[in-house]
**Q** 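Got a structure for you, questions after.
Since the structure is predicted, the reported quantities are computational estimates derived from the model, not experimental observations. We name chains A, B, ... by the order of the sequence lines, and we start the count at 1 in each one.
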Amino acid sequence: MKKKVIDRRLVYELLKQVPKGRVTTYGALARAVGHPDSARAIGALMRSNPYAPAVPCHRVVYSDGRLGGYGGMKGAGRKARMLAKEGVKVKNGRIVDFEKHYFEISPQTLSSSPQSV
DNA sequence: AATATGGCACAAA
DNA sequence: CTTTGTGCCATAT
C-alpha cells in the first residue's frame with residue numbers, strides 16, 4: 001500500500017514532456033503518473049497550475065478528443081486557439097485528428113526509484 | 001477539519 | 001452521434 005497521492009511534480013514533468021503540436025488526455029496523464037483513476041485529480045492539479053506557464057496545461061484535453069475545460073469551462077475557446085496555433089487543429093471544440101495529435105506519455109519514473117514490489 | 005469546486009472518464013439510453 | 005448520470009480524486013478556502 002502506497003500513498004494515493006499523485007506526485008504533482010511528476011504530473012508536470014510528464015506534461016512538460018509533451019511536445020508542441022501534440023495533446024494528451026488527463027486519463028493518459030494520470031496513468032503516466034501511476035494514477036489511472038485519478039484523471040480528474042490531474043485536472044485538479046492543473047487548475048491551480050503552480051508551475052504555469054512551465055506546464056502546458058492547455059495541451060491536455062479530454063479522452064474523447066474534446067478540449068475539456070479551462071478556467072471553469074469558459075476559456076475553452078482560448079485553449080482551442082492556443083492549440084490551433086501550435087498545430088493542433090480544433091474544430092468546433094473538437095480536436096481534428098485527435099488521435100493523430102495524441103501524444104502518449106511514457107511513464108517516466110523521474111528521480112524516484114521505481115522499486116517495483 | 002469540512003465544504004465546495006472542478007480543466008475528467010466511462011457507461012448507458 | 002448526443003445527452004445524462006455516476007464515480008473518483010485532489011485543491012483551495
Side-chain angles (χ1 to χ4, degrees):
Chain A
M1 327 283 232
K2 305 288 195 221
K3 304 170 196 245
K4 284 218 275 208
V5 196
I6 296 182
D7 291 272
R8 289 187 170 193
R9 247 256 292 242
L10 187 56
V11 179
Y12 305 129
E13 291 298 306
L14 291 169
L15 181 54
K16 275 176 359 183
Q17 112 184 276
V18 179
K20 186 180 98 168
R22 215 79 337 151
V23 290
T24 184
T25 71
Y26 295 94
L29 199 53
R31 287 186 226 165
V33 296
H35 293 249
D37 289 315
S38 310
R40 211 162 177 197
I42 301 297
L45 302 180
M46 299 292 143
R47 191 202 194 211
S48 94
N49 199 8
Y51 284 66
V55 181
C57 45
H58 63 265
R59 282 188 197 146
V60 190
V61 297
Y62 270 50
S63 62
D64 305 276
R66 299 191 211 176
L67 292 181
Y70 203 83
M73 290 184 147
K74 288 154 206 279
R78 181 179 323 192
K79 181 171 74 191
R81 200 161 68 162
M82 274 197 298
L83 292 171
K85 197 172 160 175
E86 306 220 324
V88 183
K89 311 295 197 320
V90 181
K91 178 68 94 179
N92 191 21
R94 230 82 45 237
I95 295 182
V96 182
D97 300 305
F98 167 62
E99 36 189 289
K100 192 170 116 163
H101 290 288
Y102 185 86
F103 179 87
E104 193 174 311
I105 302 177
S106 300
Q108 286 183 30
T109 33
L110 210 68
S111 27
S112 294
S113 307
Q115 288 307 348
S116 307
V117 281

**Q** Roughly, in whole Å, what's the span from OH in A:Y26 to P in B:dC10?
**A** 14 Å
**Q** Please compare A:R31 and A:N49 by the position of their nearest nucleotide in DNA chain B and report the one closer to 5'.
**A** A:N49
**Q** On DNA chain C, check which nucleotide each of A:R66 and A:R40 is closest to and give me the residue with the more 5' one.
**A** A:R66
**Q** So which nucleotide does C:dC8 pair with, by the Watson-Crick or G-U wobble rule with both distances under 3.5 Å?
**A** none
**Q** Rounding to a whole Å, what distance do you find between A:D7:CG and C:dT11:C1'?
**A** 16 Å
**Q** Tell me: CG of A:L45 to P of C:dT11, nearest whole Å?
**A** 6 Å
**Q** Using only side-chain N and O atoms of A:S48, determine if any of them is under 4.0 Å from OP1 or OP2 of C:dT11.
**A** no
**Q** Over how many whole Å does the gap from A:F98 atom CZ to C:dC1 atom P extend?
**A** 15 Å
**Q** Looking only at non-hydrogen atoms, find the nearest pair between A:S38 and A:I6 and report the distance.
**A** CB-CD1, 3.2 Å
**Q** Quick check for you: among B:dC10, B:dC8, C:dA12, whose closest atom lies nearest to any side-chain atom of A:Y62?
**A** B:dC8
**Q** Is the phosphate of B:dC8, meaning OP1 or OP2, less than 4.0 Å from a side-chain N or O of A:S38?
**A** no
**Q** Contact class for A:A39 vs. all strands (heavy atom < 4.0 Å): base, sugar-phosphate, or nothing?
**A** sugar-phosphate
**Q** Of all heavy-atom pairs between A:R66 and A:V61, which one has the smallest distance, and what is that distance?
**A** O-CB, 2.9 Å
**Q** What is the distance from CG of A:L29 to C1' of B:dG6, rounded to the nearest Å?
**A** 16 Å
**Q** If every non-hydrogen atom of A:V88 is compared with every non-hydrogen atom of A:R22, which pair is closest and at what distance?
**A** CG2-N, 3.9 Å
**Q** Taking atom C1' of B:dC8 as reference, at what distance in whole Å does atom CG of A:D64 sit?
**A** 9 Å
**Q** Can you tell me which nucleotide in C:dT3, B:dA9, C:dA12 comes closest to the side chain of A:R8?
**A** C:dA12
**Q** Tell me: CZ of A:R47 to C1' of C:dC9, nearest whole Å?
**A** 13 Å
**Q** Provide, to the nearest angstrom, the distance between the CG atom belonging to A:D37 and the C1' atom belonging to C:dG7.
**A** 9 Å
**Q** A:T24 and side-chain contact (heavy atoms from CB on, under 4.5 Å): which partner among A:V18, A:I42, A:L14?
**A** A:V18
**Q** A quick test of your reading: do over 12 heavy atoms of other residues, nucleotides or ligands sit less than 6.0 Å from NZ of A:K100?
**A** no
